[in-house]
Amino acid sequence: MAEKISAFSVISSATAKRKAASGVPDVATLRVLLIDPMAEIRRTIGMTLGQYGTSHIDHASSSTEALACMKKLKYELILCEYDLGKGQDGLFLFDEARRLDLLKASCIFIITTAERGAQKVLGAAEQSPDAILLKPFTGEMLYSRVLSALQKKVRFKLVDDAIMAHDFLNAIQLCSKAANTSAEYTLDFLRLKIHLLLRIGDWISVRDECRQLLVEQELPWAKMALGKALYQLKNYAEALALFKAIISSHAHALEAYDWLARTQQAMGEDQAAQDTLKRALNKSPYIATRQRQLGELALRSGDLATAESAMLETVRISRHSFLRNPADYGQLADIQISRGDVAAAKLTVEEVRKDFKDPQVSVLADALDADIYMQTGETEKAQNLLRTALAQLVQLTLPPSVTVGMALAKACFNQQQGALAEIVVRNLLKNSHDDLTLAAKITSLYRQQGQQDQAEQLIKENSASIVALNNEAVKLARSGDLAGAAELFIRAATDMPGNIQVLLNTVNALLAYTNQHGWHQEWMQLSNDYLLRIHELDPINGRGLQLQEFFRKTKQRYGIS
């Protein structure tokens with residue numbers, strides 16, 4: 001067991017005096033974060049590092065504490081226990097920190113564990129930590145792993161610098177070059193390249209590169225990356241087979257369960273997706289994103305008891321972290337209202353009002369309270385709150401989120417205001433035309449009103465209008481009228497300020513015009529504004545990251561700092 005680790009060996013004087021290779025940072029200068037639920041183990045590892053002169057050491061006992069630390073400071077070295085207790089694991093923490101951009105590209109992340117089988121789990125991860133260190137380990141072993149990782153980071157310095165500058169295309173090119181010239185680290189560079197391709201959303205390149213790699217050797221991480229790319233390319237059947245194969249060989253590779261459930265959901269296999277998530281939650285129940293996904297699936301299938309249980313867990317897990325989301329409270333309150341538990345719903349709405357000071361949350365809370373008053377027969381109060389919510393909606397700087405919009409639409413239907421509900425739904429659709437989950441929620445809402453055909457018609461009409469817009473703009477661009485294409489997209493972005501796809505296409509059109517016809521101050525400023533909005537709506541959007549780079553290089557081309 002981890003808590004029975006014996007005292008680490010005293011470091012020899014020879015080791016203490018050993019100098020790192022040229023260009024490798026001194027271990028003593030590193031800012032370190034130690035993550036382990038056992039305080040004694042953290043102290044022991046800290047004392048061991050202290051023998052090398054390391055003094056900048058912070059401690060965390062859970063993933064929530066660790067993420068809070070990483071949000072405040074950028075660390076050079078993180079040592080994290082694999083089993084963080086209560087179903088949490090270090091690999092999920094690594095993935096979450098990376099997804100949230102809380103790790104420097106040059107940060108060393110080492111998993112420590114007494115579980116010999118953990119290596120198989122890490123092998124199936126699309127992007128793995130720098131090393132795994134089996135307990136019990138000596139001070140020499142720890143130093144050796146850290147030094148080895150530092151030496152490796154030196155080899156990756158040019159790539160790291162490009163990533164830190166968000167110059168992802170250059171980073172990918174550097175990985176390709178290094179993979180061909182650095183035999184010792186060929187697979188490491190290829191793995192990083194695949195990760196970067198996924199990050200910028202180049203699904204086709206990921207698919208082709210991973211298929212080639214898998215012809216040459218069995219690489220579970222390449223299977224995971226290939227499955228993600230196939231999912232994004234809507235090749236669900238092949239993605240499904242890959243995720244199942246990974247789980248068969250790596251039963252604790254929980255990321256594969258999450259992606260399998262998404263794929264099953266996309267294929268309309270909601271019950272199978274629920275079963276998959278329940279299997280994952282049996283192994284690791286304290287992951288808010290997994291509980292949230294189960295709650296949404298159960299709600300769609302009408303299993304309100306499971307939906308409420310999952311959303312209660314989602315809110316509880318994330319309540320004291322910076323990852324908490326008002327949408328979870330809204331979903332929970334909606335389920336409680338549907339179950340007739342008005343008292344519980346009131347408490348949930350009170351909590352969301354208290355904890356989140358945001359105009360969108362105010363609209364959400366008013367819409368939910370309107371439904372609660374309808375349940376209790378206080379019709380006039382419900383009507384007044386709905387009017388207030390709709391009035392606030394007009395004042396929002398960005399379109400309502402899916403959670404807010406759906407709550408409003410439901411409140412409208414509950415008060416026999418179908419025409420108002422349709423206005424809200426149309427606004428949601430035009431700003432999220434390619435969101436399959438939203439389409440499913442709208443269909444379910446209209447089905448409850450006996451109007452499923454109307455929902456399907458609304459979704460079809462909206463999708464057709466977006467396709468027509470894109471086709472018209474492409475036609476203009478191909479005919480050489482880049483200005484006409486750009487102006488068309490600007491009008492669309494004004495009408496659909498929350499539609500990420502339209503925003504992406506608009507930025508692309510504006511930058512294409514500027515690069516072909518010369519500097520255009522107004523359109524470059526618009527491009528910057530749209531990129532900021534894209535980042536606000538979806539901080540890790542792959543194409544958004546590519547366009548940020550295109551924007552920077554366009555400015556550089558014209559000598560604008």
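The first residue in the sequence is number 1, and the count goes up from there.
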Please report the shortest heavy-atom distance between [X] and [Y], naming the atom on each side.
| X | Y | answer |
| --- | --- | --- |
| Arg533 | Ala493 | NH1-O, 4.0 Å |
| Ser318 | Ala288 | CB-CB, 4.4 Å |
| Phe243 | Gly227 | CZ-C, 3.3 Å |
| Ala345 | Ile337 | CB-CG1, 3.6 Å |
| Asn541 | Ile534 | CB-CG2, 4.5 Å |
| Phe94 | Pro129 | CE2-N, 3.8 Å |

For the [atom1] atom of [X] and the [atom2] atom of [Y], what is their distance to the nearest 0.5 Å?
| X | Y | atom1 | atom2 | result |
| --- | --- | --- | --- | --- |
| Gln451 | Tyr446 | CD | OH | 6.5 Å |
| His195 | Ile172 | NE2 | CD1 | 10.0 Å |
| Met311 | Gln336 | CE | CD | 10.0 Å |
| Ile500 | Asp538 | CD1 | CG | 4.5 Å |
| Leu385 | Met374 | CG | CE | 12.0 Å |
| Tyr530 | Asn505 | OH | CG | 12.5 Å |

When you compare the side chains of [X] and [Y], does any donor N or O come within less than 3.5 Å of an acceptor on the partner?
| X | Y | answer |
| --- | --- | --- |
| Gln452 | Glu456 | yes |
| Asp371 | Asn414 | yes |
| Tyr75 | Asp58 | yes |
| Glu296 | Thr437 | no |
| Glu65 | Ser61 | yes |
| Asp435 | Ser432 | no |
| Ser63 | Glu96 | no |
| Lys244 | Thr263 | no |

Just so I know, are the side chains of [X] and [Y] near enough to count as touching, which here means a heavy-atom distance under 4.5 Å?
| X | Y | result |
| --- | --- | --- |
| Leu304 | Leu299 | yes |
| Glu209 | Leu226 | no |
| Ile194 | Cys210 | yes |
| Phe92 | Thr289 | yes |
| Pro220 | Ser249 | no |
| Cys107 | Lys74 | no |
| Leu408 | Leu390 | yes |
| Leu213 | Trp221 | yes |

message: Please determine whether side-chain hydrogen bond (donor to acceptor under 3.5 Å, both in side chains) holds for the pair Gln274 and Asp270, giving the CA-CA distance in whole Å, both sets of side-chain angles, and the decisive distance to 0.1 Å.
response: CA-CA 6 Å; Gln274 283 191 60; Asp270 285 2; over 6 Å; no
task: Step by step, work out the side-chain hydrogen bond (donor to acceptor under 3.5 Å, both in side chains) result for Glu269 and Gln265.
output: CA-CA 5 Å; Glu269 300 174 5; Gln265 186 177 352; over 6 Å; no
field: Step-by-step side-chain contact (heavy atoms from CB on, under 4.5 Å) determination, Met70 to Leu93
entry: CA-CA 11 Å; Met70 286 183 249; Leu93 173 60; 4.0 Å; yes
With Glu238, the salt bridge (charged side-chain N to carboxylate O under 4.0 Å, His left out) member among Lys228, Arg211, Arg207: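 Only match with Glu238 under salt bridge (charged side-chain N to carboxylate O under 4.0 Å, His left out): Arg211.
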message: Taking the cut-offs as 6.0 angstrom to the six-membered ring centre and 45 degrees off its axis, would you call Arg324 and Tyr329 a cation-pi pair?
response: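 No cation-pi geometry.
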Checking [X] side chain against [Y] main chain: does a donor-acceptor pair fall under 3.5 Å?
| X | Y | value |
| --- | --- | --- |
| Tyr231 | Leu240 | no |
| Thr348 | Ala344 | yes |
| Glu81 | Asp83 | yes |
| Thr314 | Ala310 | yes |
| Ser301 | Ala298 | yes |
| Glu308 | Leu332 | no |
| Arg42 | Asp36 | yes |
| Asp130 | Ile110 | no |
| Gln291 | Pro285 | yes |
| Asn462 | Lys430 | yes |

Verdict with supporting geometry, Leu537 and Leu503, side-chain contact (heavy atoms from CB on, under 4.5 Å): CA-CA 11 Å; Leu537 293 167; Leu503 292 170; 4.0 Å; yes
query: Can you check side-chain contact (heavy atoms from CB on, under 4.5 Å) on Gln383 and Tyr373, steps first, answer last?
result: CA-CA 9 Å; Gln383 291 172 342; Tyr373 283 125; over 6 Å; no
Are [X] and [Y] ion-paired here, with the side-chain N under 4.0 Å from a carboxylate O?
| X | Y | result |
| --- | --- | --- |
| Lys223 | Glu218 | yes |
| Arg353 | Asp366 | yes |
| Arg191 | Asp188 | no |

- request: Quick one: do Lys193 and Asp202 satisfy salt bridge (Lys or Arg N to Asp or Glu O under 4.0 Å)? Show the steps, please.
  value: CA-CA 11 Å; Lys193 177 183 177 181; Asp202 189 349; over 6 Å; no
query: Can Ile78 and Leu103 be said to form a side-chain contact (heavy atoms from CB on, under 4.5 Å), step by step?
result: CA-CA 10 Å; Ile78 296 176; Leu103 294 178; 3.5 Å; yes
Residue pair Arg426, Glu422: steps toward the salt bridge (Lys or Arg N to Asp or Glu O under 4.0 Å) verdict: CA-CA 6 Å; Arg426 284 186 180 277; Glu422 182 176 324; 3.0 Å; yes
More than 12 heavy atoms of other groups within 6.0 Å of Lys460 NZ: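 No, not enclosed.
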task: Report the C-alpha distance between Lys354 and Glu351 in whole Å, list the side-chain angles of each, state the deciding distance to 0.1 Å, and finish with yes or no for salt bridge (Lys or Arg N to Asp or Glu O under 4.0 Å).
output: CA-CA 5 Å; Lys354 179 180 69 176; Glu351 189 168 0; over 6 Å; no
